[in-house]
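This report concerns only the one structure given below.
Excluded from the calculations below are hydrogen atoms, water molecules and symmetry mates; all remaining heavy atoms, backbone and side chain alike, are included. From a predicted model like this one, the values you see are computed outputs, not experimental measurements.
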Amino acid sequence: MTDTLFSGVVAAPADPILGVNEKFKADLRSPKVNLSAGVYLTEEGKTPVLNVVKEAEEALAQAAIPHTYIPMSGLPGYDKVVQQMVFGADSEIVQSGRAATIQSLGGTGALKVGMDFMHHILGCTVSATSKPTWGNHNALLAMAGYEVRGYRYYDAANDGVDFNGMIEDLKALPAKTLVVLHSCCHNPTGYDLSAAQWQEVIAACQKGGLIPFLDMAYQGFREGLEQDATAIRLFAASGMSFLVATSYSKSFNLYSERIGALTVVTQSAQQAQIVLSQLKSVVRCNYSNPPAYGGRIVMRVLSDPVKFALWEEELAVMRVRIKAMRKALADELQRIGAKRDFSFITRQAGMFSFTGLSAEQVARLADEFAIYAVKNGRICICGLNHGNVEYVAKSIASVL
């Protein structure tokens, strides 16, 4: 008898980002440019190993630490160094112990654990994300069992944020909605809120009984570690309870190590301990324990002032290069007389730019010029360098 158990399973569509990356790899033409994957690249098109990471790897190799399980919440002390970086060492949240932090499988793992915790333990059923948002946000929420709604964010007509629309939509959400917010370097648009606008978002969340979940995957890629934590520091000062997902995959170039953190800010140290126990139960049901290697590298840097300063310098080099390539692309498009003003690219922040290109124009870039981007027009600025920016600019101008 034929087994028909899986005969009704339909193949899942390719991931909107990773699928494009696979098409790029299969393309044998030259030149070709990959502007899809969100990975930092040097001028030579390589993801570098930071010097502070090399030093940590050598030290770990010499230490020959046994590869035993680490606690469900992560390496001892990891929570403290993460909290100090996110909230500031002198933060009341850090000093009072009212935040629960676990080491996670990258930023995605932090989001997953936080969403599962809020749904299965706190009973949240409605969520909201920006329109547009990182593609995986909505998939994670739906898989966790949420009704996924959206709030206005991108203003295509004015190349910026539809802030009035955003606030209006937030105010219309029911109480106890889990609201995913990009704290800096909004993915995919690159447009961020000002400190004053964040204060209005906080007020809307407080008045509406909304639950903020801030996603900070790119701390340090806009202006600097302290400046890029502004939104989180404002939420901390508000006295609200909220969640934060952080990633060190990008800022340490440790993509394959999947190193991140989930922090839940509560109202007391006692609450934090109770929440931590529940977070560990969620972790146990998902993956039992996080990996140690990447965590040890990050801890070694964050806990040492000298190494921390060296890491900040290396992070600044990445940030400066990204800004330089933004300017180079915008300048080249202006120089060749593109039919559209692309100066807005320099007003965006982080690794990504929402170009405003249509799906048809993105398809033409791939078909005619072997330049690959995400269907919604998002490009990763890190895929640009001084050797290909002119070619990319001419190609974009050709499909307008």
Side-chain angles (χ1 to χ4, degrees), residues 10-39 41 129-139 148 150-162 165 182 185-191 325-385 387-400:
V10 178
D15 183 271
I17 300 173
L18 301 182
V20 176
N21 196 44
E22 292 304 313
K23 291 180 180 178
F24 169 80
K25 290 179 180 178
D27 194 329
L28 300 179
R29 292 175 290 174
S30 182
K32 64 177 183 177
V33 184
N34 187 1
L35 302 178
S36 64
V39 177
L41 300 172
T129 60
S130 63
K131 296 190 293 186
T133 192
W134 176 51
N136 216 18
H137 279 153
N138 293 342
V148 184
Y151 56 86
R152 280 170 282 177
Y153 193 86
Y154 177 52
D155 182 353
N158 297 297
D159 295 315
V161 177
D162 181 3
H182 301 242
C185 302
H186 185 276
N187 180 5
T189 70
Y191 293 114
M325 295 321 303
R326 283 189 177 280
K327 186 176 186 304
L329 179 60
D331 287 351
E332 186 62 24
L333 283 162
Q334 180 183 37
R335 187 187 70 80
I336 63 178
K339 295 178 182 178
R340 183 183 175 191
D341 177 13
F342 281 90
S343 61
F344 62 85
I345 292 176
T346 62
R347 299 194 298 274
Q348 298 166 336
M351 295 173 69
F352 304 110
S353 171
F354 221 45
T355 61
L357 295 175
S358 67
E360 180 183 1
Q361 290 168 330
V362 169
R364 285 188 60 195
L365 281 177
D367 294 341
E368 299 174 25
F369 303 100
I371 296 175
Y372 289 83
V374 181
K375 186 178 180 180
N376 62 10
R378 188 203 82 172
I379 64 171
C380 180
I381 296 296
C382 301
L384 297 171
N385 56 57
N388 67 23
V389 68
E390 182 178 348
Y391 176 68
V392 170
K394 288 180 178 178
S395 302
I396 289 176
S398 297
V399 302
L400 297 177

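- Side chains of Asp155 and Tyr191 form no contact here, defined as non-hydrogen atoms less than 4.5 Å apart.
- Distance check: Gln348 CD to Ile345 CD1 gives 6.5 Å after rounding to the nearest 0.5 Å.
- Across all non-hydrogen atoms, the minimal contact from Pro31 to Ala370 is O-CB, 3.6 Å.
- Side-chain contact between Trp134 and Pro188: absent, with no pair of heavy atoms (C-beta onward) separated by less than 4.5 Å.
- Panel note: side chain Asn388, backbone Asn385; a donor-acceptor pair is recorded below 3.5 Å.
- By the 4.5 Å heavy-atom criterion applied to side chains, His182 and Thr133 are counted as neighbours.
- Taking every heavy atom of both residues into account, Cys382 and Val39 meet most closely at CB-O, 3.5 Å.
- No donor-acceptor pair closer than 3.5 Å links the side chain of Asn158 to the backbone N or O of Gly160.
- Distance check: Arg335 CZ to Glu390 CD gives 5.5 Å after rounding to the nearest 0.5 Å.
- Of all heavy-atom pairs between Phe24 and Val33, the closest is CE1-C, 3.5 Å.
- Panel note: side chain Arg326, backbone Phe352; a donor-acceptor pair is recorded below 3.5 Å.
- Residues Gly383 and Leu41 share a closest heavy-atom pair of CA-CD1, 4.2 Å.
- From Asp159, atom CG reaches atom CZ of Phe344 across 5.0 Å, with rounding to the nearest 0.5 Å.
- Put simply, the side chain of Thr355 gets close to the backbone of Gly377: a donor and an acceptor are under 3.5 Å apart.
- Separation of atoms CZ (Arg378) and OG (Ser36) is listed at 7.5 Å; rounding is to 0.5 Å.
- The CD1 atom of Ile379 lies 5.5 Å from the CD1 atom of Ile396; values are rounded to the nearest 0.5 Å.
- The two residues Gly356 and Arg340 make their nearest non-hydrogen contact at CA-NH1, 3.5 Å.
- Taking the six-membered ring for Trp, His186 and Tyr153 have ring centres closer than 6.0 Å.
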Derivation of the side-chain contact (heavy atoms from CB on, under 4.5 Å) call for Gln361 and Leu400: CA-CA 7 Å; Gln361 290 168 330; Leu400 297 177; 4.2 Å; yes

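- When side chains are defined from C-beta on, Asn376 does not count as touching Tyr154, because their heavy atoms never get closer than 4.5 Å.
- Residues Arg29 and Tyr372 come closest through the heavy atom pair NH2-OH, 3.8 Å.
- Rounding to the nearest 0.5 angstrom, the gap separating the CG atom in Leu384 from the CG atom in Leu35 is 5.5 Å.
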